[in-house]
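Worksheet: one structure, shown below.
These numbers were taken from a predicted model, which means no experiment stands behind them. Naming convention: chains lettered A, B, ... in sequence-line order (proteins, then strands); numbering from 1 in each chain.
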There are 2 protein chains.
Amino acid sequence: MQGYDPRAYPPAAVTVDLVVLTIREDRLAVLLVRRAEPPFQGRIALPGGFVRPDEGLGPAAARELAEETGLAADSVHLEQLASYGDPGRDPRMRVVTVAYLALAPGLPRPHAGTDAAEASWAPAEDILAGRHTRLAFDHHQILTDGVERARAKLEYTPLAAAFCPRPFTIAQLRRVYETVWGTTLDPRNFHRKATRTPGFLSPTGSATIGDRGRPAQLYRQGPAALLYPPMLRGAAD
Amino acid sequence: MQGYDPRAYPPAAVTVDLVVLTIREDRLAVLLVRRAEPPFQGRIALPGGFVRPDEGLGPAAARELAEETGLAADSVHLEQLASYGDPGRDPRMRVVTVAYLALAPGLPRPHAGTDAAEASWAPAEDILAGRHTRLAFDHHQILTDGVERARAKLEYTPLAAAFCPRPFTIAQLRRVYETVWGTTLDPRNFHRKATRTPGFLSPTGSATIGDRGRPAQLYRQGPAALLYPPMLRGAAD
DNA sequence: GGAATAGTGTCTGTGAGACAGTATAGG
DNA sequence: CCTATACTGTCTCACAGACACTATTCC
């Protein structure tokens with residue numbers, strides 16, 4: 001960045017792409033759109049769009065998220081994931097994309113935005129396995145990185161609560177871990193650990209009603225930014 | 001990214017900036033350059049430069065690293081850190097920078113590249129505390145994020161070995177943890193834990209000679225990509 | 001031998017995993 | 001009553017932290 005005029009360099013377009021994850025029908029689901037125009041016309045892709053001239057990266061991601069899902073950023077966890085800029089990743093010109101990871105509670109129906117022909121939820125495992133369709137651009141890699149980030153952050157942050165309604169029960173929180181990690185956890189040990197990890201949960205005092213079985217206490221996410229001790233997955237999961 | 005021609009959008013310049021960390025004189029040190037030209041002429045900044053038209057982001061970071069330090073990328077750990085693109089972060093025009101984190105064993109003298117007036121090591125703590133100088137652009141934030149990334153990754157990856165010469169002793173590895181975390185660790189417990197964590201270390205069979213005290217066994221980084229169990233810092237460090 | 005550093009053993013507390021047992025709801 | 005779910009207690013093993021002790025070098 002020293003000694004050069006940036007205007008002397010060939011420009012690049014900058015986009016944001018979103019890995020929006022939620023849990024639907026006990027499966028990890030990712031929001032996908034069908035591209036209406038070339039390149040990759042008709043192909044499935046992650047939602048995203050161009051960063052506007054006077055817009056920061058985070059605000060651009062929040063705007064795209066609102067356009068695609070109708071959700072305000074304050075009810076969704078949104079964090080930067082990584083950037084991707086291999087030459088040729090977009091056949092039109094040099095495009096560098098900054099990917100963001102969004103985690104949301106179970107959402108009803110995707111709200112198609114202006115620049116997406118369709119928007120829909122798909123099971124993340126199916127897409128990652130490439131069973132149905134291959135994603136446009138390098139979006140398969142971006143999705144892979146996003147899912148791995150989510151899995152890793154459940155270990156040492158209270159991020160699982162981002163997948164839960166507010167407030168939530170311990171059992172709902174446990175099902176998030178089981179769904180995202182693809183494992184089963186002992187409900188009794190999980191309950192003990194979640195409630196005894198400082199700052200993980202804030203009790204609301206109220207409980208569920210009308211369900212089967214004994215009513216469950218309701219919690220909100222606690223003040224801790226990091227879990228100590230962490231919720232470790234097994235060794236080589 | 002749907003339905004728009006990227007050429008219709010105002011372009012941005014894309015740069016890479018480097019947070020190069022090493023350990024010098026038992027302190028965490030960061031590589032800094034003095035800017036030769038505006039903006040922020042004469043100010044201290046992270047090394048970095050423009051991504052070339054047909055160059056990927058990672059290769060651009062590796063090239064800048066070689067230019068600044070003379071080190072090939074295969075002897076240095078290099079990973080993408082985050083991207084920064086607030087409007088106005090560069091007064092000339094819209095510049096989005098992709099920051100990379102590089103960790104290197106103790107390096108002798110910085111090798112000033114073509115686009116840096118000077119390059120030198122500075123104690124990271126001094127710069128983070130803002131005692132001596134304020135960095136150009138948003139580089140203080142980038143450095144903060146880079147140091148925190150390094151601290152966090154020592155916990156659950158074998159990354160501390162990237163700060164060590166090859167091969168290294170357990171004591172050298174321990175001093176990396178102590179220096180980066182700013183703590184002291186029990187040498188005996190650390191030795192037991194490091195040698196018993198599967199895949200963390202590969203014995204070389206040889207030992208140090210000529211030092212004071214009993215010769216130490218020499219190790220190389222083992223095959224594990226993640227440490228299990230991790231080397232946890234205390235609760236609220 | 002003494003100093004210094006490397007490495008091992010042992011004890012104790014804490015937490016994870018397994019799982020018996022209790023509590024409170026609906027049918 | 002039975003079933004289902006929430007929650008608690010107890011046992012055992014593994015590991016972290018504290019620290020005595022042994023091992024091997026240089027002086």
Side-chain (Thr179(B)) to main-chain (Leu28(B)) donor-acceptor, under 3.5 angstrom:
no
Between P of dC13(D) and CG of Asn189(A), the distance in whole Å
16 Å
What residues from residues 207-216 of chain B pass a heavy-atom cutoff of under 4.0 Å to DNA chain D?
Asp211(B), Gly213(B), Arg214(B), Pro215(B)
Starting at atom CZ of Arg188(B), determine the distance to atom C1' of dA20(D), rounded to an integer number of angstrom.
8 Å
Which nucleotide span of DNA chain C, 5' end to 3' end, has atoms closer than 4.0 Å to non-hydrogen atoms of chain A?
dA16(C) to dG26(C)
Judged by atom type as modelled, is there a donor-acceptor pair below 3.5 Å linking the side chain of Lys153(A) to the main-chain atoms of Ala160(A)?
no
Protein-nucleotide distance (Arg192(A), atom CZ; dT8(D), atom P), rounded to Å
11 Å
Please state how far atom CG in Leu173(A) lies from atom P in dC7(D), giving the value in whole angstrom units.
12 Å
Please check this pair: side chain of Arg174(A) against backbone of Phe190(A), looking for a donor-acceptor N/O pair closer than 3.5 Å.
no
Check the distance between dA6(D)'s C1' and Asp186(A)'s CG and give it to me in whole angstrom.
13 Å
Is there a donor-acceptor contact under 3.5 Å from the side chain of His139(B) to the main chain of Leu46(B)?
yes
Quick check: does any side chain N or O of Asp138(A) sit under 3.5 Å from a backbone N or O of Gln141(A), one acting as donor and the other as acceptor?
no
Given atom NE2 of His191(B) and atom C1' of dA23(D), what is their separation to the nearest angstrom?
12 Å
Within the distance-only criterion (no hydrogens, no angle test), does the side chain of Arg151(B) pair as donor or acceptor with the backbone N or O of Val180(B) below 3.5 angstrom?
yes
Is a donor from one side chain sitting under 3.5 angstrom from an acceptor on the other, for Tyr84(B) and Asp17(B)?
no
Can a donor-acceptor pair be found, under 3.5 Å and without considering hydrogens, that links the side chain of Tyr100(A) to the backbone of Gly58(A)?
yes
Between atom CG in Leu232(A) and atom P in dC13(D), what is the gap in whole Å?
21 Å
